[in-house]
Structures are given as structure tokens and as C-alpha cells.
Amino acid sequence: MLDIRQIREEPERCQQGLKARGGDAWELITEVLECDEKRRSGETEKQVLQQQRNLLSKEIGKLRSQGENSAELENKVRGIGEQIKALGESTETADARQRELLLQIPNLPHENCPVGDDETANPEIRTWGEKPAFDDFEAAEHLTLGANLGLFDFELGAKISSSGFVVYTGAGARLQRALIQFLLDLHTREHGYEEVNPPVVVNRDCMFGTGQLPKFEDDMYGIEDNAHFLIPTAEVPVTNLYRDTIQKMDDFPIKTTAATHCFRREAGAAGRENRGLIRMHQFDKVELVNVVHPNQSLAQLEILTNEAEKVLQTLGLHYRIIELCTGDVGFSSTKTYDIEVWAPGQNEYLEVSSCSSFGDYQARRMKLRFKDEDGKNHFCHTLNGSGTALPRLYVALLETCQQADGSIRLPEALHSYFGAEEIR
RNA sequence: GGAGAGGUGGCAGAGUGGUCGAAUGCAGUAGUCUUGAAAACUACCGUGCCGCAAGGUACCGUGGGUUCGAAUCCCACCCUCUCCGCCA
């Protein structure tokens with residue numbers, strides 16, 4: 001949520017930021033300001049009346065305790081009560097509308113977020129490693145490799161669920177488990193994360209807190225009349241662990257990781273570009289969540305991105321980092337780096353991680369605060385990044401590590417986790 | 001799923017219609033004392049909103065209601081605990 005004070009004080013700047021995203025959210029600013037004006041004047045008026053009522057009611061109490069008649073005063077206060085009620089209703093309407101609007105307005109892109117209309121304007125920040133050369137044979141794609149090695153089965157997934165679900169089988173299931181274990185160990189042992197294992201069913205408050213609701217309800221699997229949702233990412237439960245809390249500054253940065261299933265409807269996403277494991281309704285992901293002091297967040301985003309990169313470096317997978325431009329950053333994000341791993345069989349880069357700083361946008365939504373040296377409360381900054389998504393990592397791994405005979409030579413870091421050096 | 005009990009400030013725990021934003025204890029912060037620490041003593045010590053400020057106002061699980069006035073009475077919902085049932 002944007003700060004209503006900022007909207008009040010620099011509305012043009014807010015509108016500019018929103019315009020840079022594209023879309024028409026900037027048009028809402030005017031109405032927000034109208035509501036704000038209505039709300040505040042109504043509230044002030046109401047408070048004056050409440051003060052009168054409180055004073056007179058005390059008076060009545062005094063009179064009664066002395067056994068005196070208070071009927072006249074009571075009548076007067078009754079009238080005030082009615083006015084308060086009427087005022088309360090109109091300010092409540094303005095307040096509700098203001099909140100509704102604020103929840104629909106995305107975050108402002110960070111001032112150093114590159115300007116652009118869409119993903120074609122995303123600059124490449126850096127690359128690591130090189131595309132592996134396949135001199136003696138042509139790189140197969142993971143679907144072929146997996147089918148031959150019996151690593152996963154899409155038909156079985158569709159049979160027991162529906163299209164967009166997969167069953168990992170045998171060594172394929174084992175590899176999945178090994179990867180998750182490897183990722184969690186990396187982040188907890190080397191990057192100082194605390195591991196949690198949260199519910200994958202969460203309530204609506206969580207979805208509002210991180211910004212999935214109210215705009216993206218249709219993207220998620222809802223249950224019980226959408227009172228609860230299957231999480232689209234562990235960002236939701238993990239960040240919301242800190243919802244409505246006041247943190248100690250000494251604890252910054254708070255770094256929490258979780259491996260969870262993630263569920264997304266991905267309506268209309270079927271097609272050649274999303275063949276195989278690349279876009280699933282259910283997938284695993286290891287998520288990294290940071291809660292930090294506001295002046296830490298920009299630097300922390302670099303650290304967080306490096307932590308996610310470490311995954312690919314350790315596995316020896318070539319990748320590039322791009323930064324999302326103003327027209328492409330996510331709803332709640334203020335600055336985002338995407339990490340794209342090279343998948344030789346696909347002959348393209350796949351997004352395996354998206355590392356974002358949300359500024360105080362999520363924190364304000366979920367009332368996540370910290371106490372400063374003077375004992376005053378401020379909103380924290382939140383960040384998160386994938387560390388990393390499993391299926392695409394899996395794809396890049398198979399396709400990069402394939403050998404001429406169709407077997408997979410695993411990176412050394414995985415040997416102990418997987419229990420073998422090769423899959424054949 | 002059934003029966004019962006209960007949800008008050010960081011924690012513990014009073015308060016059952018007015019002077020209660022809320023006793024008290026613990027924890028915490030600052031100070032006095034001390035070579036230092038401890039102890040003792042003193043003071044401070046919840047959150048939001050409106051306001052330049054003074055101050056005002058709201059919040060006792062959540063949402064409604066009764067009342068001149070609600071932490072306190074009524075209704076609904078949520079959650080926790082205990083017992084029973086079922087069960088990985």
C-alpha cells in the first residue's frame with residue numbers, strides 16, 4: 001500500500017511513478033485524495049462530538065451517583081449520539097472506499113528502476129559462466145531425457161489430477177528431493193537463513209498482506225468459497241509470519257527460508273513455450289524472505305540476489321541477470337532482478353528466480369513495523385527472492401549435464417544429496 | 001465431530017455498566033547508590049487515527065446490538081485449552 005501521506009503531499013510524483021508502470025492505476029489517485037479529504041474532515045467533526053458525549057456522560061454518572069435527576073442531560077446526549085452515528089457512517093464509507101482504492105494501487109517503481117514499457121526493455125545486468133558447448137551431439141530437451149530415464153510422467157499427473165501436473169518418478173523424484181535438500185542447506189548454512197515449514201493453505205489476510213489480493217484472486221486456487229487459498233509462493237506464508245508485529249532493530253536483517261509447493265492456475269498459459277516442466281500448476285520452490293531496516297533494503301536486494309545466484313554457481317549452470325523495467329515490475333515490487341538460467345535443450349534462458357525489494361509496500365499492508373532508537377514505530381522493508389524455483393532448475397540441470405548417451409552427469413555438489421554421481 | 005472452559009498491554013494477571021487505556025507483578029528503558037556488578041530505590045514503559053502543537057479520539061479476539069455511557073450486558077463468528085470420538 002502506498003503511504004496516504006505521500007499521496008497527499010506529492011500526488012504528481014505518485015502519478016508519475018504509476019504511469020511509468022503503464023496501466024491506469026494513476027487515475028485512482030484523484031479519488032483517493034477526495035476520500036482522504038472527506039474522511040479526515042468527517043473524523044475531526046466526529047471526534048469533537050465524541051468528546052462532548054464523553055464529558056456529558058460522565059456528568060450523568062456523577063449526577064446519578066448523587067441521586068440527582070439527569071433526564072435532561074440524557075436527552076441531549078442521545079441527540080449527540082445520533083449525530084455521531086450519522087457522521088460515523090459517512091466517514092466509514094469514505095474510509096472503506098479509500099482503503100479499497102489503495103489496495104488496488106501498485107507500488108511505485110524505485111527511482112533507479114530502468115524505465116521501459118515492457119519486458120523487451122529489461123536491461124541485462126550481468127552474466128555468469130558460458131553456454132555449454134555440445135560438440136559431439138545435439139542437446140536434447142528435458143522431456144526427451146526425462147522420458148528415456150524415467151524421471152517424470154505427465155500422463156500420470158494428468159490422470160490423477162489434470163494437465164499441468166506431473167508425477168516425478170524413481171530417480172527423478174529422488175533428484176527433486178536432493179535439490180530441495182541442497183538448496184535449504186545452502187541457504188541455512190552459508191547464508192544465515194532460518195528455515196520454516198509453513199502451511200500451504202492460508203487465509204485472505206495473508207493474500208492482502210503480500211499483495212495477491214484483491215487484484216489477482218483468479219490466479220490462485222481458492223477453497224471454502226475463497227476464504228482460504230493455496231499459496232502461489234512461499235513468499236505469502238513466510239512474509240505473513242511477521243504480519244502485525246513490531247520488530248526489534250537488533251534482529252535485522254531477518255532472513256527466513258522455506259521450501260514449499262506452490263500452486264498457480266496459470267489460465268491460458270498452455271502452449272509450445274511452456275512445454276514440459278516449464279510452467280506447472282503445482283511446483284516446488286525454495287523461497288528467501290528478508291525483513292530489513294528501510295535504509296538496508298537496496299543493499300540487501302543485491303545480497304539476496306547473490307544468494308540466489310550462488311545456487312546456480314554451485315551447480316555450474318550458466319545464467320544471466322536482467323532487471324525488470326518500470327513497465328514490467330510486479331504489482332508490489334519497487335525493484336526486481338530476474339535470474340534466468342540457460343537451458344541448452346530449450347535453447348533459451350528460463351526464469352528461475354525473481355528477487356524483489358518491496359520497500360514498505362507490503363509492510364504497510366500488513367502492519368509490519370520496527371521500533372527505532374527513539375522508540376518510534378516505522379514500517380520495515382521486505383524483500384524476497386526464489387532460491388530457486390525447482391522445475392526450471394531441474395530442466396536446466398538435466399539439459400546442461402546431459403551426456404551423449406542420454407545419461408546425466410550430476411554436479412559434484414549434488415553427489416552426496418542424490419547418492420550417486422550419474423543418472424542413467 | 002461432540003461437551004465444557006476461556007480469549008485484557010511483551011508475559012503473567014485484576015477488573016463484571018460510569019471516575020478504566022485499564023490495578024498489580026515480572027520483563028524492559030533511564031537514573032540514584034556502587035570501583036564495577038547485583039540488590040534496593042526513583043521515573044518511564046501498548047497501538048492506530050486527527051492535529052503545526054497543545055491536545056483529542058478510538059482500540060480489552062473479530063463483527064454487530066442494547067445503553068446517555070460497554071473491557072464489563074446480548075447475538076454471531078474466529079481462535080485457544082481440557083475431556084470424549086475419529087485419525088496420518
Side-chain angles (χ1 to χ4, degrees), chain A residues 1-9 32-103 197-209 213 222-229 237 240-252 254 261 291 360 362-380:
Chain A
M1 215 154 53
L2 297 184
D3 185 357
I4 183 61
R5 290 197 196 101
Q6 188 190 7
I7 296 178
R8 215 183 282 153
E9 282 158 24
V32 168
L33 286 171
E34 284 168 15
C35 289
D36 182 50
E37 184 54 44
K38 239 183 264 180
R39 190 195 105 244
R40 282 189 298 154
S41 62
E43 244 165 50
T44 307
E45 209 176 324
K46 192 175 99 177
Q47 287 184 5
V48 172
L49 290 171
Q50 282 173 324
Q51 183 180 13
Q52 284 178 28
R53 180 183 68 182
N54 290 344
L55 290 172
L56 291 173
S57 288
K58 275 179 190 170
E59 197 96 352
I60 291 170
K62 230 177 266 172
L63 285 175
R64 286 211 177 173
S65 66
Q66 292 163 8
E68 292 179 36
N69 188 304
S70 58
E72 197 184 324
L73 265 184
E74 283 177 33
N75 269 330
K76 194 170 165 191
V77 179
R78 195 174 292 126
I80 295 176
E82 278 154 19
Q83 287 182 62
I84 290 174
K85 197 171 179 189
L87 261 177
E89 276 162 16
S90 66
T91 55
E92 176 55 34
T93 306
D95 185 52
R97 178 62 182 157
Q98 179 182 321
R99 220 175 318 128
E100 184 186 336
L101 290 168
L102 284 175
L103 287 170
N197 192 329
V200 296
V201 174
V202 298
N203 56 34
R204 295 183 70 89
D205 286 345
C206 292
M207 291 298 186
F208 275 102
L213 286 179
I223 54 179
E224 299 157 339
D225 292 328
N226 288 7
H228 293 90
F229 294 90
N240 275 281
L241 293 175
Y242 306 102
R243 168 156 49 89
D244 209 8
T245 61
I246 300 174
Q247 299 296 327
K248 294 198 197 84
M249 277 209 297
D250 299 347
D251 294 337
F252 287 150
I254 300 169
H261 296 312
V291 177
D360 62 6
Q362 291 183 328
R364 180 171 285 106
R365 280 180 166 242
M366 64 172 75
K367 299 182 179 64
L368 164 51
R369 293 152 294 172
F370 71 94
K371 215 172 258 304
D372 69 13
E373 301 91 336
D374 301 327
K376 289 188 69 177
N377 295 332
H378 306 274
F379 290 112
C380 303

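In the text below, chain A, chain B and the rest are named by the order of the sequence lines, each starting its count at 1.
Contact check for Arg8(A) versus Arg5(A): side-chain heavy atoms found under the 4.5 Å cut-off.
Comparing the same atom, P, in U82(B) and in A30(B) gives a spacing of 39 Å after rounding to whole Å. A gap of 11 Å separates the C1' atoms of U66(B) and C75(B), to the nearest Å. When the C1' atom is compared between A71(B) and U62(B), the two are found 15 Å apart, to the nearest whole Å. Taking atom P on both nucleotides, G13(B) is separated from G17(B) by 23 Å, rounded to a whole Å. Comparing the C1' positions of G4(B) and G55(B) gives an interatomic distance of 48 Å, to the nearest angstrom. Separating the C1' atom of G48(B) from that of G21(B) is a span of 13 Å, rounded to the nearest Å. Rounded to a whole angstrom, the distance from the C1' atom of G31(B) to that of U24(B) is 23 Å. Spacing of P atoms, G46(B) relative to G9(B), comes out at 13 Å, to the nearest Å.
Taking every side-chain heavy atom of Lys371(A) into account, U47(B) is the closest of U47(B), G51(B), C68(B). For Gln47(A), the listed nucleotide lying nearest its side chain is C50(B); candidates were U19(B), C50(B), G48(B). Listed nucleotides: U47(B), G51(B), C49(B). Nearest to the side chain of Arg39(A): C49(B). Taking the side chain of Gln50(A) as heavy atoms from C-beta on, and the options C50(B), A58(B), C68(B), the nearest nucleotide is A58(B).
The residue among Lys58(A) and Asn377(A) whose nearest nucleotide of RNA chain B lies closer to the 5′ end is Lys58(A). Where Asn54(A) and Lys62(A) each meet RNA chain B at their nearest nucleotide, the meeting point lying more 5' is that of Lys62(A).
Figure legend. A14(B) is base-paired to no nucleotide; pairs are counted as Watson-Crick or G-U wobble with both atom distances under 3.5 Å. Base pairing of G21(B): no nucleotide in any strand meets the Watson-Crick or G-U wobble criterion (both distances under 3.5 Å). The partner of C73(B) is G65(B), judged by Watson-Crick or G-U wobble contacts that both fall below 3.5 Å. Nucleotide A43(B): paired with U29(B) (Watson-Crick or G-U wobble, both distances less than 3.5 Å). Base pairing of G55(B): its partner is C50(B), meeting the Watson-Crick or G-U wobble criterion (both donor-acceptor distances under 3.5 Å). As the counterpart of G7(B), C78(B) is assigned, both hydrogen-bonding distances of the Watson-Crick or G-U wobble pattern falling under 3.5 Å. Taking a pair to require two hydrogen-bonding distances under 3.5 Å in either a Watson-Crick or a G-U wobble arrangement, C87(B) remains unpaired.
Residue Lys376(A) contributes atom NZ, which lies 14 Å from atom C1' of G48(B) at whole-angstrom precision. Atoms CZ (Arg53(A)) and P (C68(B)) sit 11 Å apart, rounded to a whole Å. What separates CD1 of Ile246(A) from P of G10(B) is a distance of 8 Å, to the nearest Å. Following rounding to the nearest Å, Leu56(A) (CG) and G18(B) (C1') show an atom-to-atom distance of 13 Å. When the C1' atom of C59(B) is taken as reference, atom NZ of Lys46(A) falls 12 Å away, rounded to whole Å. Taking atom CG of residue Leu87(A) and atom P of nucleotide C49(B), one finds them 21 Å apart after rounding to whole Å. The nearest whole Å value for the distance from the CD atom in Gln52(A) to the P atom in U57(B) is 11 Å. Per the geometry, CZ belonging to Arg99(A) stands 16 Å off P belonging to G48(B), to the nearest Å.
Counting any heavy atom pair closer than 4.0 Å across all strands shown, Arg64(A) reaches a base atom. Residue contacts shown for Leu73(A) are absent, as no nucleic acid heavy atom lies under 4.0 Å away.
For Arg8(A), a side-chain nitrogen or oxygen approaches OP1 or OP2 of C50(B) to under 4.0 Å. One finds a side-chain N or O of Arg78(A) lying less than 4.0 angstrom from the OP1 or OP2 phosphate oxygen of C68(B). Between Arg40(A) and G51(B), a side-chain N or O to OP1/OP2 separation shorter than 4.0 Å is present.
Between the side chains of Gln247(A) and Thr245(A), at least one donor N or O sits under 3.5 Å from an acceptor N or O.
When each of Ile246(A), Asp360(A), Asp372(A) is tested with His378(A) by the rule side chain to side chain contact (heavy atoms under 4.5 Å, CB included), just one qualifies, namely Asp372(A). The side chain to side chain donor-acceptor pair (under 3.5 Å) with Gln98(A) is formed by just one residue from the set Arg39(A), Glu34(A), Glu37(A); it is Arg39(A).
Between Asp244(A) and Arg369(A) there is a salt bridge, with a side-chain nitrogen of the basic residue lying less than 4.0 Å from a carboxylate oxygen of the acidic one.
In this structure, Arg365(A) contributes its side chain and Leu103(A) its backbone to a donor-acceptor pair below 3.5 Å. Although no hydrogens or angles enter the test, the distance criterion places a donor-acceptor pair under 3.5 Å between the side chain of Arg364(A) and the main chain of Met1(A). The closest donor-acceptor contact from the side chain of Asp225(A) to the backbone of Ala227(A) lies at 3.5 Å or more, if one exists at all.
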